[in-house]
Amino acid sequence: MNRPVVDPGMPTRPIARTPPRSSPPPRTAAPARRRRGTVLRSVMAVVSALVLLVTGVVWSQYQNLSDGLRRSAALDAGEGTSTGGDTNILVMGLDSRLDENGNPLPAAIYDAMHTGASDVGGYNANVLILLHVPANGGKATAMSIPRDDYVSLAGAPDGQSKGKIKQAYGLAFDQEHKQLVAQGVTDTATLEQRSRDAGRTAEIATVRQFLGGVPVDHFVEVTMVAFYQLAQVVAPITVCLNENTQDSYSGANFHQGYQQLDAAQALAFVRQRRDNVHPSLNFTDLDRERRQQAFIASLAYQLKQAGTITDPAKLQGLLDVAKQNIAVDDKLDLLQFAQQASGLAGGNVSFTTLPIEKFGQDPAGEDVNIVDVAQVQADVARLLGTAPAPTTAPAAPPAPLDTVDVLNGTGRTGLAASVSQKLTGDGYPAGTTGNSSHKGSTTVVHYPAGDSAAASALAGVLGTSHTMQDDTAGSGHLEVVLGTGFSLQAMAATSAAPATSAAPATSAPTPDPGSALDSISGGGIPCVK
């Protein structure tokens with residue numbers, strides 16, 4: 001892949017300072033309602049861990065790193081391990097402004113990151129990524145688990161049987177901490193480490209249970225300061241956006257295309273939670289996860305291309321970040337993993353976000369992600385290559401496909417008619433064509449209530465992942481608004497027999513099983529929302 005041309009004239013943009021917000025003390029389970037800025041604390045940390053993992057050659061200094069990493073016995077060896085030499089690693093990023101010992105960071109760090117002081121934040125695992133590395137050298141998969149998925153919590157920590165998946169860590173931490181204090185334990189280090197081990201065990205068990213009993217061979221836990229320190233080591237960092245975007249809350253102020261960021265701008269990139277330029281395209285936690293994935297892919301690519309891992313000073317800086325802010329299980333053999341994961345640095349990895357059904361509320365009125373557990377587990381089994389072989393029972397006759405209306409928002413003459421003709425060849429009944437006043441870069445499929453599956457299938461044919469329910473859409477009709485980033489060639493490459501409006505079509509496994517879940521592939525610098 002050719003390296004992108006970076007705009008050398010990009011001005012350095014000021015990053016708005018975010019005023020500290022009050023929150024309960026860090027040793028209590030953090031409140032469930034904290035959608036606004038807290039993803040930053042864990043995103044910043046988890047990026048550093050994954051970048052170090054996917055740049056396998058960094059582990060050539062494994063002895064230096066291994067001697068300094070914090071080890072934990074929290075992983076339950078009795079819960080099963082992967083077979084055939086595959087490896088699953090759960091990466092947990094904590095919503096905490098403390099270091100691995102539970103101590104406050106230097107005041108200068110808090111000032112630089114603009115995220116509040118040590119008494120803000122808690123121990124929720126706000127970022128959860130399961131990294132699957134096949135033993136045969138095939139493409140690895142990093143599966144992001146949305147932090148607010150409403151699930152059963154393993155062991156009902158602190159008496160809570162259901163909650164957001166991120167809460168298992170903080171609730172178990174709180175429960176263990178209170179029990180230790182009641183037993184008369186007063187040593188700060190003992191309280192911190194035993195409480196963290198309880199949180200780690202509960203979070204791993206909850207993730208395993210939610211994903212259908214998948215093995216977790218190892219874990220990596222990171223704190224939020226790691227991201228900022230990593231960004232300082234490797235800056236400038238190149239990213240790519242599909243369109244101009246600005247957000248006064250996070251300080252994000254970026255233009256369309258490729259651009260280079262310093263450490264403070266990198267924080268704004270992964271922290272952005274709204275778009276003042278295009279308010280109709282509301283940001284969600286899922287969009288921020290996609291930003292995180294794109295940042296990891298971009299940074300891993302740059303580290304390899306720029307020779308960072310052969311620069312002694314920068315390499316030592318990366319290792320220092322890992323030793324200061326990362327904990328791993330006591331069974332992880334870094335040298336063995338480096339040999340197994342050597343292809344990841346070359347881009348042999350895809351990043352996928354597990355699906356949710358919709359945004360909703362739990363019985364207490366807290367915002368959560370409503371998930372179809374059976375569908376999530378089926379997707380995970382497919383990604384891990386453990387899904388059962390398809391049955392040979394005859395398929396039911398396909399239901400009629402929806403009529404598709406196409407609106408051209410690109411300004412390119414005749415594109416709507418060309419797309420409509422191509423869709424007709426794929427079996428979709430032709431609807432109307434015309435022009436759209438909307439000139440965004442993203443192609444969106446609008447659908448009436450009850451047609452989300454058909455809209456998602458059509459979006460896949462068009463090479464996009466964006467769908468939107470539209471109450472004005474007629475029954476049996478889907479409306480496509482083509483964005484300026486639409487490519488007829490890309491559509492031709494991805495077009496196949498579409499799913500019906502009755503149910504998504506099933507197909508044989510493909511070399512990249514994450515593609516159906518809108519994956520980002522490594523080995524380059526992807527453009528994202």
Side-chain angles (χ1 to χ4, degrees), residues 242-243 278 280-282 284 286 355-359 370 372 375 378-379 394-508 510 515-519 529:
N242 288 327
E243 54 192 325
H278 305 99
S280 62
L281 299 178
N282 293 326
T284 68
L286 303 184
I356 70 169
E357 280 196 318
K358 60 184 177 180
F359 298 115
I370 306 301
D372 182 337
Q375 182 61 56
D379 286 333
L401 294 171
D402 288 342
T403 299
V404 180
D405 304 320
V406 183
L407 297 180
N408 186 0
T410 71
R412 286 177 269 168
T413 303
L415 185 59
S418 297
V419 170
S420 180
Q421 183 179 13
K422 183 70 178 66
L423 290 175
T424 301
D426 285 338
Y428 285 98
T432 61
T433 60
N435 293 319
S436 171
S437 59
H438 178 72
K439 301 298 182 184
S441 67
T442 304
T443 296
V444 180
V445 178
H446 298 259
Y447 64 92
D451 260 8
S452 61
S456 295
L458 176 58
V461 172
L462 294 166
T464 184
S465 62
H466 297 275
T467 63
M468 181 181 298
Q469 183 172 326
D470 186 347
D471 294 336
T472 66
S475 177
H477 274 253
L478 300 175
E479 181 182 82
V480 176
V481 179
L482 301 175
T484 56
F486 176 80
S487 167
L488 192 60
Q489 291 75 18
M491 175 187 171
T494 60
S495 181
T500 69
S501 58
T506 57
S507 59
T510 64
S515 59
L517 292 176
D518 193 18
S519 299
K529 177 178 176 180

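The first residue in the sequence is number 1, and the count goes up from there.
- Taking each heavy atom of S420 and A430 in turn, the nearest pair found is OG-CB, 4.0 Å.
- Here the side chains of T433 and V419 are not in contact, with every heavy-atom distance at 4.5 Å or above.
- Counting all heavy atoms, side chain and backbone alike, S436 lies closest to L407 at CB-CB, 3.9 Å.
- Residues V404 and V480 approach most closely at CG1-CG2, 3.8 Å, considering heavy atoms.
- With rounding to the nearest 0.5 angstrom, the CG atom of N408 is 10.5 Å from the OG1 atom of T484.
- In terms of the side chain to side chain donor-acceptor pair (under 3.5 Å) criterion, Q421 has no residue partners (sequence neighbours excluded).
- Here the straight-line distance linking atom CD1 of I370 with atom NZ of K358 works out to 6.5 Å at 0.5 Å rounding.
- Residues A449 and Q469 share a closest heavy-atom pair of CB-NE2, 3.6 Å.
- Not counting sequence neighbours, the partners of T432 by the side chain to side chain donor-acceptor pair (under 3.5 Å) test are D405.
- The nearest pair of heavy atoms linking Y428 to D402 is CD2-O, 3.5 Å.
- Looking only at side-chain heavy atoms (C-beta outward), T464 and V444 stay at 4.5 Å or farther from each other.
- Heavy-atom minimum distance, G427 versus L401: O-CD1, 3.2 Å.
- A donor-acceptor pair is defined here as one N or O able to donate and one able to accept, closer than 3.5 Å; such a pair exists between the side chain of S441 and the backbone of N242.
- Side-chain contact between P448 and L478 is present, with heavy atoms from C-beta onward closer than 4.5 Å.
- With T467 contributing its side chain and A455 its backbone, the two residues share no donor-acceptor pair below 3.5 Å.
- Rounded to the nearest 0.5 Å, atoms CG (L458) and NE2 (H446) are 11.5 Å apart.
- For the atom pair OG1 of T410 and CZ of F486, the computed distance is 9.0 Å after rounding to the nearest 0.5 Å.
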